[in-house]
Amino acid sequence: MPPRSPFERLGRLVDNFSPGFSAQVEELRRQMRAGLDQAGSGQADPQADPATDPATALAQLRNETIGDCRRCQLAPTRTQVVFGVGNPRAALVFVGEAPGADEDAQGIPFVGRAGQLLTKIIEAMGLRRDDIYIANIIKCRPPGNRNPQPDEIASCEPFLIAQLDIIRPKVICALGTFAAQTLLKTKEPISRLRGRWQAYQGIPLMPTYHPAYLLRNPNEKETVWKDVQLILTQLGLPVPPRAKTKKV
Ligand code: URA
């Protein structure tokens with residue numbers, strides 16, 4: 001049976017390693033990057049049908065549904081809503097907790113120190129930030145980076161559910177306790193959840209440690225690298241040879 005997607009073709013290439021491997025892998029990655037984020041810019045294509053065009057559906061969700069959200073008590077202290085960024089057709093979505101000060105200032109998730117480490121992890125996977133999609137459970141910065149409160153989660157979670165429903169990724173990676181426990185509706189600690197496949201609405205979900213935790217506990221980078229290798233394998237993507245033993 002012919003491969004149905006670039007990911008499947010990539011998986012087969014790995015199985016049938018050939019001298020043209022690198023060029024073919026690069027071409028498949030290029031195909032996966034096609035249709036990059038128009039939603040991140042907030043520009044909906046007025047000609048496109050949101051039912052079939054995820055960039056337009058995400059832009060509608062951002063601009064029309066969420067808009068200048070005042071649904072919870074975070075609105076008065078935030079600078080802006082931090083919606084999400086990346087490829088609207090991403091096969092992999094990372095979900096974090098909530099924006100911090102840098103994200104609140106720039107309107108983009110994971111751009112501070114923890115975000116820079118996440119970018120390194122993504123690049124060590126052989127991917128780029130615009131291949132994948134990044135979002136948070138909470139779209140507005142809690143003051144002083146305190147933990148989000150249950151009523152804030154209740155107000156905001158429907159938007160993440162809608163994002164995931166539009167993107168329909170093949171894999172979700174939940175970063176840290178808060179994202180994993182919220183998505184999986186569990187109280188199990190991340191140390192027990194991580195490294196084991198779970199499911200969110202039928203989508204394979206891999207919990208792993210949050211990059212902010214890795215900044216405080218660099219020895220756990222090796223653990224996260226094990227988890228992201230499982231994700232690459234699930235996606236039918238090769239584990240980049242140089243990074244196999246490398247710490248991110
Ligand atoms: N931590 C998160 O969980 N999300 C961000 O966007 C930044 C830091």
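Whatever order the structure lists ligands and atoms in, that order sets their numbers, starting from 1. Residue numbers start at 1 and run along the sequence shown. Remember, it's a predicted structure, so these values are computed and weren't measured experimentally.
With salt bridges taken as basic N to acidic carboxylate O contacts below 4.0 Å, one links Glu157 and Lys185.
Residues satisfying the ring-ring contact (aromatic ring centres under 6.0 Å, His included) criterion with Tyr209, sequence neighbours excluded, are Tyr213.
Considering Leu205, Thr182, Ile137 in turn, Ile137 is the only one that fulfils the side chain to side chain contact (heavy atoms under 4.5 Å, CB included) rule with Val95.
Relative ring orientation between His210 and Phe110 is described as tilted, the plane-to-plane angle lying within the 30° to 60° band.
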Present, as a list of atom pairs with distances to 0.1 Å, all nitrogen or oxygen contacts under 3.5 Å between ligand 1 and the protein.
from, atom 1, to, atom 2, distance (Å)
ligand 1, 1 (N), His210, NE2, 3.3
ligand 1, 3 (O), Glu97, N, 2.7
ligand 1, 3 (O), Ala98, N, 3.4
ligand 1, 3 (O), His210, NE2, 2.8
ligand 1, 4 (N), Ala98, O, 3.1
ligand 1, 4 (N), Asn136, OD1, 2.8
ligand 1, 4 (N), Asn136, ND2, 3.4
ligand 1, 6 (O), Phe110, N, 3.0
ligand 1, 6 (O), Asn136, ND2, 2.8

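A donor-acceptor pair under 3.5 Å is formed between the side chain of Gln80 and the backbone N or O of Asp104.
Inter-residue side-chain proximity for Leu58 and Gln163 is flagged as met; some heavy-atom pair is nearer than 4.5 Å.
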